[in-house]
Each structure stands twice: as structure tokens, then as C-alpha cells.
Amino acid sequence: MITKEELSELAIEAMANAYSPYSGYKVGAALLCADGTFYTGANIENASYGVSNCAERTAFFTAVFDGKRDFTDIAVCGGKGGVLDDEIFSPCGVCRQVMREFCDDDFRIHMVTKNEITTVTLSELLPYGFKPERLER
Ligand code: THU
């Protein structure tokens, strides 16, 4: 099984695929599925700023489109101009809600900086999150 260090390395590599001419900020994510496969993503911006898609959601939606429904971990990192940040980069509220849709409380989020990996669970990032009953998956 892939380690959090390896997953973080995949997220760092994914930063290179960002399309972020407006913010200049490159974000990468690597999502681990329960079956051991992984999907990466990067942020994709738009001239209409609100349309921009975060790295985490790029990874989630690619995986879900590919039929995956069970996830254990995601590594996320970001940096201006693609240079890894010193400070923790934590997922935005929209991405937390997307995680809530597909993940359990113990889903792990690894926030990767230049020097360390900080791990939290989804219930720590989004306590009392809204999740409808599990429908057909
Ligand atoms: N961004 C992400 O990709 N993930 C997050 O969790 C927060 C923000 C992106 C959106 C935008 O393209 C850039 O980072 C600057 O906010």
C-alpha cells in the first residue's frame, strides 16, 4: 500500500498540471482509493473566477467518473508559481463538502508543506457535515 509520503509526492508532481493564470497558484492533489489505486488532480481556473475548480475536486471527479466510490486518503499541496508553500494548505469548504459526499469521518487529509505533512481526518475538517443517506452508489 502506498505511504503518505508517496501520496504527497504524487500531489507535488500534480501541481505541474495546474491551469492557474489568474492566481498564479498551483495546487496538486493525490487521492487514494480503498482498492489501492490513486487519482491526481490540479486546480483549473477560469476568467470567470468562481468557475475555477480546485485540485481536490479535479481528483475526486476524475475518480468518481472512473467508477470509484471508496476513498481513504488525499494529499494536497500548493504554492505560488509551483514552488511548494511553507504554510499548510487546507482544502476549501466546497471541497470538504465533496469529501463528505464520498468519504467517511475517518478519511485522512494530508496537508503537505515544504517541510512536513500534517494529517487530519474529515470529521476534524468538517464536523457535523451534511451527508444525505447513502443512496445508490
Ligand atoms: N485551490 C485549490 O485548488 N484547492 C483548495 O483547497 C483551495 C484553493 C485553488 C483555487 C485557485 O485556483 C487557487 O487555488 C487560488 O485560490
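Because the structure is predicted, anything quoted here is derived from the model rather than measured. Only this structure's heavy atoms are used, side chains among them; waters, hydrogens and symmetry mates stay out. Counting convention: from 1, in listed order, for ligands and their atoms alike.
Remark: ligand 1 and S52 share no N or O pair separated by less than 3.5 Å (distance only, no angle test). Considering backbone and side-chain atoms alike, S20 places every N or O at 3.5 Å or more from each N or O of ligand 1. At least one N/O-N/O distance between C92 and ligand 1 falls below 3.5 Å. Checked against a 3.5 angstrom limit, the closest N/O atoms of A55 and ligand 1 fall inside it.
Between N43 and Y25, the side chains place no donor N or O within less than 3.5 Å of an acceptor N or O (distance only, hydrogens not considered). Looking only at atom types and distance, the side chain of T119 has a donor-acceptor partner in the side chain of H110 under 3.5 Å away. Residues D85 and T113 bring no donor and acceptor atom of their side chains to less than 3.5 Å of each other. E124 and T121 form a side-chain donor-acceptor contact under 3.5 Å, judged by distance and modelled atom types alone.
Interface atoms of ligand 1 facing S23, defined by a heavy-atom separation under 4.0 Å, are 13 (C), 15 (C). Under a 4.0 Å criterion applied to the non-hydrogen atoms of S90, ligand 1 contributes the atoms 6 (O). Within ligand 1, counting atoms from 1 as listed, the ones closer than 4.0 Å to a heavy atom of N43 are 3 (O), 9 (C), 11 (C), 12 (O), 13 (C), 14 (O). Listed by atom number, the atoms of ligand 1 under 4.0 Å from P91 heavy atoms are 6 (O).
The hydrophobic clustering, which links ILVMFWY residues whose side-chain heavy atoms are closer than 4.5 Å, places V120 and F102 together.
The single protein non-hydrogen atom nearest to atom 11 (C) of ligand 1 is E45 OE2, 3.2 Å, given as residue, atom name and distance. Here the protein heavy atom with the shortest distance to atom 14 (O) of ligand 1 is V27 CG2, 3.5 Å. Atom 4 (N) of ligand 1 has its closest protein heavy atom at E56 OE1, 2.9 Å. The shortest contact between atom 1 (N) of ligand 1 and any protein heavy atom is with C54 SG, 3.6 Å.
Put simply, atom 16 (O) of ligand 1 has no protein non-hydrogen atoms near it, under 4.0 Å away.
F71 places a side-chain heavy atom less than 4.5 Å from the side chain of F60. When side chains are defined from C-beta on, I109 counts as touching L122, because their heavy atoms get closer than 4.5 Å. Side-chain contact between N53 and E45 is absent, with no heavy-atom pair separated by less than 4.5 Å.
Under 4.0 Å from ligand 1, not a single heavy atom of A29 appears. Of the heavy atoms in F89, only side-chain atoms (C-beta onward) come closer than 4.0 Å to ligand 1.
For K68 and D35, the salt-bridge test passes: some basic side-chain N is under 4.0 Å from an acidic carboxylate O. In summary, D105 and R100 engage in a salt bridge, as defined by a charged side-chain N under 4.0 Å from a carboxylate O.
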